Amino acid sequence: MKLLYKDLLTTPIDKLIINSLEQALYQAIVVIDGCEHVVWQSEHKTLTTRNLTKMREHFEKLDIKEIVLRHESAYDEMVGQPTKNGSNRLEVPLRQNPYAVLKHLH
């Protein structure tokens with residue numbers, strides 16, 4: 001079952017994961033009741049942006065407990081190293097409001 005963005009407007013979200021897929025391409029994943037779900041913009045297209053701030057703006061007014069930026073690197077494989085058994089996943093916590101610091105400076 002696809003989880004459409006419009007359906008999240010009334011759903012409490014445990015965690016928003018902004019997944020960094022490649023250089024300047026971000027995908028939205030939400031965690032609801034312990035399960036990760038890719039967010040779909042429409043029936044045929046996942047919610048992706050080329051700008052981290054734009055992705056955060058999509059979710060600014062929703063009820064979200066935690067926001068992180070996730071990155072997984074294939075660096076070892078790209079330089080000829082053997083594949084590692086463990087994950088090299090990095091999750092960086094982000095603030096709820098992307099403009100909090102900027103608004104404070106004015």
Side-chain angles (χ1 to χ4, degrees):
M1 179 179 144
K2 293 182 180 177
L3 183 60
L4 296 174
Y5 173 78
K6 66 180 183 175
D7 297 332
L8 295 175
L9 300 176
T10 58
T11 305
I13 300 167
D14 299 324
K15 184 177 185 180
L16 168 62
I17 301 165
I18 301 173
N19 195 25
S20 176
L21 297 174
E22 59 181 56
Q23 186 176 357
L25 181 62
Y26 302 96
Q27 176 187 46
I29 299 171
V30 293
V31 178
I32 300 172
D33 295 328
C35 295
E36 289 189 12
H37 305 274
V38 173
V39 179
W40 289 76
Q41 185 173 342
S42 68
E43 286 290 330
H44 307 288
K45 184 176 183 325
T46 59
L47 180 59
T48 57
T49 65
R50 289 271 177 197
N51 183 303
L52 178 60
T53 302
K54 286 287 184 194
M55 181 62 80
R56 294 179 73 186
E57 287 174 351
H58 282 291
F59 292 89
E60 188 175 21
K61 302 217 186 287
L62 300 183
D63 181 21
I64 302 171
K65 296 178 183 149
E66 179 183 9
I67 302 173
V68 298
L69 174 64
R70 177 186 285 173
H71 178 74
E72 295 184 63
S73 174
Y75 176 79
D76 291 335
E77 297 160 21
M78 291 188 307
V79 297
Q81 296 294 318
T83 305
K84 291 185 177 175
N85 291 337
S87 171
N88 65 356
R89 178 180 289 173
L90 173 67
E91 287 191 356
V92 179
L94 300 175
R95 289 179 171 246
Q96 187 76 15
N97 183 344
Y99 302 111
V101 175
L102 297 175
K103 289 178 183 176
H104 176 66
L105 293 175
H106 293 286

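Everything numeric here is computed off the predicted structure, so don't read it as measured data. Hydrogens, waters and symmetry mates play no part in the numbers below; they use all other heavy atoms, side chains included.
- Interatomic distance, CD1 of I29 versus CD1 of I13, reported as 12.5 Å (0.5 Å rounding).
- Here the CD1 atom belonging to I64 is positioned 9.5 Å from the CD1 atom belonging to I32, to the nearest 0.5 angstrom.
- Atom OH of Y26 is separated from atom CZ of R70 by 15.0 Å, given to the nearest 0.5 angstrom.
- Of all non-hydrogen atoms in E36 and V31, the two that sit nearest each other are CG-CG2, 3.7 Å.
- Scanning all heavy atoms of the two residues, the minimum distance from Q23 to R50 falls at O-NH1, 3.5 Å.
- Pairing each heavy atom of L3 with each of L8, the nearest pair is CD2-CD2, 3.7 Å.
- Taking both residues in full, the closest heavy atoms of T53 and N51 are given as N-OD1, 2.8 Å, listed atom of the first, atom of the second, then distance.
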Mind listing the side-chain donor-acceptor pairs of residues 40-48 below 3.5 Å, one per line with the distance, residues two or more places apart or on another chain?
from: S42; atom 1: OG; to: H44; atom 2: N; distance (Å): 3.3
from: S42; atom 1: OG; to: K45; atom 2: N; distance (Å): 3.3

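- Minimum heavy-atom separation, P93 to V68: CA-CG1, 4.1 Å.
- No donor-acceptor pair under 3.5 Å is formed between the side chain of R56 and the backbone N or O of I18.
- In this structure, V39 and H58 have side chains that are not in contact, with every pair of non-hydrogen atoms separated by 4.5 Å or more.
- In this structure, the side chains of L62 and L9 come closer than 4.5 Å at one or more pairs of heavy atoms.
- Atom CD of residue E91 and atom CD of residue E66 lie 7.5 Å apart, to the nearest 0.5 angstrom.
- No continuous path of ILVMFWY side-chain contacts below 4.5 Å connects V38 to I67, so the two sit in separate hydrophobic clusters.
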Chi angles and distances behind the side chain to side chain contact (heavy atoms under 4.5 Å, CB included) call for I17, K15: CA-CA 6 Å; I17 301 165; K15 184 177 185 180; 4.1 Å; yes
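- In this structure, K2 has no salt bridge (charged side-chain N to carboxylate O under 4.0 Å, His left out) partners at least two apart in sequence or on a different chain.
- Taking every heavy atom of both residues into account, D7 and T11 meet most closely at O-OG1, 3.0 Å.
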